[in-house]
Amino acid sequence: MSVSNTNTATRRSAIGDGFLRLMSDPMGAIGVVLVTLLILSAVFASVLSPFDPAQINVPIKLQPPSWEHWLGTDQLGRDVLSRALYGGRIALSVALISTALSVGIGVILGMVAGFGPKWLDNLIVLAFDTVRAYPVIILALAVGPIFGAGLKTVIGILVVTSIPYYGRIVRTSVISASKADYVEALRAMGMSRVRIVARHILPNIIGPILILASMDIPVYIAAEAGLSFLGVGVKPPDSSWGLILDDGYKFIRQTYWLVIAGSVPLITATLGFTFLGEALRDTFDPKLRKGV
Amino acid sequence: MFAYALKRIGLGFLVLILAISSLYVLILAAPGDPASAMLGPRATPALRAAITEKLGLDRPMPVQVFNYLISVLQGDLGIDLRSRQPVLNTLKIHVPRTLELLGASLLISAAIGIPLGCIAAVRRNSLFDRVVGILSVSVIAMPAVIIAIFGMLIFAAGLGWVPAIGAGDGEGLLSRLHHLILPAIAVGAGWIGYIARLVRASMIEVLSTNYVRNARAFGLPARRIVFRYALRIAVAPTVTVIGIGVGVMMGSAVFVEIVFARPGIGKLMYEAVILRNYPVSLGAVLAASFILIVATTLSDILNALIDPRFIEDSE
């Protein structure tokens with residue numbers, strides 16, 4: 001009992017220490033603040049939004065910021081602040097769901113490739129190489145309209161194209177870990193392959209993978225906005241920062257507020273998550289830094 | 001080495017075949033029938049039947065894939081529904097423009113990124129190093145669509161330093177370069193940061209090696225050590241990432257071509273998708289994948305040439 005208590009206490013203080021170190025790095029502190037603000041604004045979007053984001057009111061279209069509409073209105077008279085807040089919800093959900101799915105599937109495939117039979121390894125690696133042969137945005141433009149623009153398609157494309165990235169890293173780590181002495185010893189003891197990978201190798205490699213994944217969140221956020229801008233992502237009346245940017249770009253001669261309203265949250269989100277990811281990596285796994 | 005290069009090219013070819021086939025299957029396996037998707041609102045039963053027969057969509061899938069592969073390898077990518085010309089002709093106009101943009105972006109990002117990373121490494125932990133570090137991280141993270149829009153608004157529409165739209169076709173080399181510079185910077189911006197970080201990291205490693213210490217002990221001037229000896233080794237890792245870089249930049253190029261109304265694969269695709277010009281959008285993806293596969297294959301072979309240990313690592 002007392003032993004486990006000390007253990008929890010040490011672990012807790014290790015996490016607390018890590019957090020303090022994270023906050024002492026200016027980039028980390030900025031990242032934590034920006035990301036916290038973003039998550040709060042997305043979670044409470046329905047409370048914070050002064051208007052219904054889909055409510056059309058054409059007579060007041062393309063207005064500059066005012067006391068009533070803090071970020072002005074778009075070409076249909078919708079309140080841009082409300083749309084930006086709801087857009088944050090979409091951006092964060094796409095990023096989190098895509099990260100979780102691609103890491104999950106990537107880790108499983110990577111482990112199978114690294115520890116499974118050689119033919120299966122070759123097959124998986126070939127599949128990874130094939131997927132990586134498509135430039136993501138261009139592939140999305142081609143298949144997006146066929147599967148129908150929307151959240152599911154965006155997430156599907158992002159997940160499929162990022163699985164090989166995680167899969168390859170996990171595969172390489174599993175292969176190098178399986179040469180380690182302790183794995184040889186476990187094998188000699190008669191432990192099954194699956195158990196060795198799941199119980200002994202995975203815990204060793206999952207930390208760096210999760211840090212890499214946190215650094216990919218801004219990439220997904222940017223991709224969602226980009227695809228929505230191109231018309232193969234989120235569709236109106238749903239809201240997305242990419243859609244606001246697209247409207248802003250189309251109506252740039254009338255007003256530049258829309259472009260600003262679309263880009264400020266997008267820049268904040270990508271920078272916030274990037275700074276946080278970088279600081280997390282430096283704090284918890286400085287070894288990763290070498291590879292840039 | 002030669003065996004490795006041959007193997008790598010073979011693998012590249014195999015991946016290309018697989019990429020073409022899976023794209024074809026993916027598009028045909030999509031919900032709804034492809035003939036109506038291709039026709040869009042114009043679909044009538046008669047037209048749909050005609051398209052289905054013309055494209056051989058009524059045949060078994062493996063036969064279709066095989067036929068499609070054969071025709072692609074023969075350069076037959078179908079007919080551009082808008083210009084009524086072979087898709088290959090349309091691609092011949094647009095692909096070189098994207099290649100020119102990618103080439104210019106790679107050059108610019110190397111020309112700016114390498115010196116920045118180099119100086120940051122030499123003056124490690126100085127203010128310059130920190131500023132370059134934060135700027136690199138920020139531009140790497142910045143979404144391409146933002147860089148494209150603001151680059152256009154500030155430098156073309158606002159300051160008027162460069163033309164806002166087009167590629168300066170038929171206006172002579174100088175005008176074309178003038179049209180190219182801002183889009184190339186916009187496409188390469190993230191890569192400037194990436195290269196700067198990469199060069200900084202490897203430069204720091206090289207500067208701590210024994211032969212650099214030796215050179216210092218011999219009293220060689222620091223400038224000479226850094227630029228003549230260390231840099232040559234420190235830039236090697238940038239070659240390794242050219243393959244990845246081309247993939248990332250091609251994504252940025254889509255936004256840049258659309259925002260700057262530059263002809264190229266991205267703009268071609270965007271318009272083809274709006275007009276449901278499927279043969280063109282398929283052809284454009286294939287062209288883009290082909291470029292990407294060639295780039296990764298070349299960068300792997302180049303890597304093996306620079307450092308034979310790479311062959312072992314990639315096994």
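Fair warning: this is a prediction, and the values are worked out from it, not measured in the lab. Chain identifiers are assigned alphabetically (A, B, ...) following the order of the sequence lines, protein sequences preceding nucleic acid strands; residue numbering begins at 1 within each chain.
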Name the member of [options] that forms the most heavy-atom pairs with chain A at distances under 4.5 Å.
| options | value |
| --- | --- |
| B:Phe255, B:Tyr270, B:Phe150 | B:Phe255 |
| B:Leu23, B:Ile265, B:Val246, B:Ile140 | B:Leu23 |
| B:Ile274, B:Ile293, B:Ile258, B:Val254 | B:Val254 |
| B:Ala157, B:Ala284, B:Ser202, B:Ala288 | B:Ala288 |
| B:Ile134, B:Thr296, B:Val259 | B:Val259 |

So, for [X] and [Y], which heavy atoms are closest and what is the spacing to 0.1 Å?
| X | Y | result |
| --- | --- | --- |
| B:Ile146 | A:Ser263 | CD1-CB, 3.1 Å |
| A:Leu141 | B:Gly266 | CD1-O, 4.4 Å |
| A:Pro135 | B:Met250 | CG-SD, 3.7 Å |
| B:Ala141 | A:Thr270 | O-CB, 3.7 Å |
| B:Val273 | A:Pro145 | CG1-CG, 3.3 Å |

Exercise for review: Look at A:Thr274, A:Ile138, A:Val136 and state which one has the largest set of heavy-atom pairs under 4.5 Å with chain B.
Suggested key: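 Most pairs with chain B among the choices: A:Ile138.
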Review point. When heavy-atom pairs shorter than 4.5 Å are enumerated against chain B, which of A:Val125, A:Asp129, A:Leu139, A:Leu126 gives the highest number?
Key: A:Leu126
**Study point:** Contact residues of residues 216-225 of chain A (partner chain B; heavy-atom separation under 4.5 angstrom)
**Key:** A:Ala222
Review point. For chain B, which residues of residues 241-256 of chain A have at least one non-hydrogen atom nearer than 4.5 Å to it?
Key: A:Leu245, A:Tyr249, A:Ile252
**Study point:** Residue B:Leu18 versus chain A: region with a heavy atom under 4.5 Å
**Key:**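 Contact with chain A involves both backbone and side-chain atoms of B:Leu18.
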Practice item. Report the residues that fulfil ring pair (Phe, Tyr, Trp, His ring centres under 6.0 Å) with A:Phe128, sequence neighbours left out, ordered by chain and then residue number. Key: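 Result, ring pair (Phe, Tyr, Trp, His ring centres under 6.0 Å) vs A:Phe128: none returned.
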Review point. Which value, rounded to the nearest 0.5 Å, describes the distance between B:Arg197 atom CZ and A:Glu278 atom CD?
Key: 4.0 Å
Review point. Backbone N or O of A:Ala133 within a donor-acceptor pair of the B:Ser289 side chain at under 3.5 Å?
Key: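 Indeed, once roles are kept as given, a pair shorter than 3.5 Å links the two residues.
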Exercise for review: Go through the steps for A:Ile267 and B:Met142 under the test side chain to side chain contact (heavy atoms under 4.5 Å, CB included), then give the verdict.
Suggested key: CA-CA 7 Å; A:Ile267 294 173; B:Met142 200 61 73; 3.8 Å; yes
Practice item. Taking the side chain as every heavy atom from C-beta outward, state whether B:Ser138 and A:Leu271 have any atom pair closer than 4.5 Å. Key: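 Yes, side chains in contact.
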**Study point:** Trace of the side chain to side chain contact (heavy atoms under 4.5 Å, CB included) decision for B:Leu292 with A:Tyr134
**Key:** CA-CA 7 Å; B:Leu292 191 51; A:Tyr134 303 115; over 6 Å; no
Practice item. List for me each residue that meets side-chain hydrogen bond (donor to acceptor under 3.5 Å, both in side chains) alongside A:Arg132, sequence neighbours excluded, and say none if there are none. Key: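 With sequence neighbours excluded, A:Arg132 shows a side-chain hydrogen bond (donor to acceptor under 3.5 Å, both in side chains) to no residue whatsoever.
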Practice item. May I have the step-by-step check of side chain to side chain contact (heavy atoms under 4.5 Å, CB included) for A:Thr130 and B:Ser22, ending in yes or no? Key: CA-CA 9 Å; A:Thr130 306; B:Ser22 36; 3.8 Å; yes
Practice item. Start with the C-alpha gap between A:Val143 and B:Val285, add the side-chain angles, then the distance that decides, and say whether side chain to side chain contact (heavy atoms under 4.5 Å, CB included) holds. Key: CA-CA 10 Å; A:Val143 300; B:Val285 186; over 6 Å; no
